[in-house]
Amino acid sequence: YNVDDLCLKLDYSRMQLSRLFKKSYGTSPHRYLIDYKLQYAANLLRSTDLKVIEIASIVGYAKLSQFNVNFKQKYGVTPGNYRRGKEG
């Protein structure tokens with residue numbers, strides 16, 4: 001999903017959805033979705049033998065490089081190091 005998908009599904013404008021998310025979760029819908037995807041990816045890294053590129057695709061990243069950047073920003077290590085237990 002992306003923010004536009006959520007807006008359509010919930011029948012909210014982007015502004016309405018942003019206000020509700022900020023009030024309820026303290027973050028934007030976009031940031032929430034990214035964090036959710038990265039949590040799912042972290043779980044897959046630890047519980048499967050899937051390749052990092054496969055996991056990136058499963059959680060919705062078209063580019064492995066962007067997945068790596070976002071993952072490292074959130075967890076402080078690359079996906080490969082996270083899988084090996086070398087957490088920052």
So do [Y] and [X] actually touch side chain to side chain, heavy atoms under 4.5 Å?
X	Y	answer
Tyr75	Asn81	no
Glu54	Asp49	no
Ile55	Arg83	yes
Leu38	Val59	no
Tyr25	Leu20	no
Asn2	His30	no
Leu33	Leu6	yes

Point-to-point distance, once rounded to the nearest 0.5 Å, from [atom1] of [X] to [atom2] of [Y]:
X	Y	atom1	atom2	result
Arg19	Ser13	CZ	OG	6.5 Å
Tyr61	Lys37	OH	NZ	6.5 Å
Arg14	Ser28	CZ	OG	9.0 Å
Ile58	Ile53	CD1	CD1	11.5 Å

Before you tell me yes or no, could you show the steps for Val52 and Leu45 under side chain to side chain contact (heavy atoms under 4.5 Å, CB included), namely the whole-Å CA-CA distance, both residues' side-chain angles and the distance that decides it to 0.1 Å?
CA-CA 7 Å; Val52 173; Leu45 285 165; 4.1 Å; yes
So does Asp5 have more than 12 non-hydrogen atoms from other groups sitting under 6.0 Å from CG?
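Atom CG in Asp5 is crowded, with more than 12 foreign heavy atoms closer than 6.0 Å.
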Heavy-atom neighbours of Lys72 NZ exceed 12 at 6.0 Å
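No.
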Kindly work out whether a path of hydrophobic side-chain contacts (I/L/V/M/F/W/Y, heavy atoms less than 4.5 Å apart) joins Phe67 to Ile34.
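Yes, Phe67 and Ile34 fall within the same hydrophobic cluster.
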Are Val69 and Tyr40 linked, directly or through other ILVMFWY residues, by side chains that come within less than 4.5 angstrom of each other?
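Val69 and Tyr40: separate clusters.
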Does Tyr32 offer a backbone N or O that forms a donor-acceptor pair with the side chain of Asp35 under 3.5 Å?
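A pair under 3.5 Å: no.
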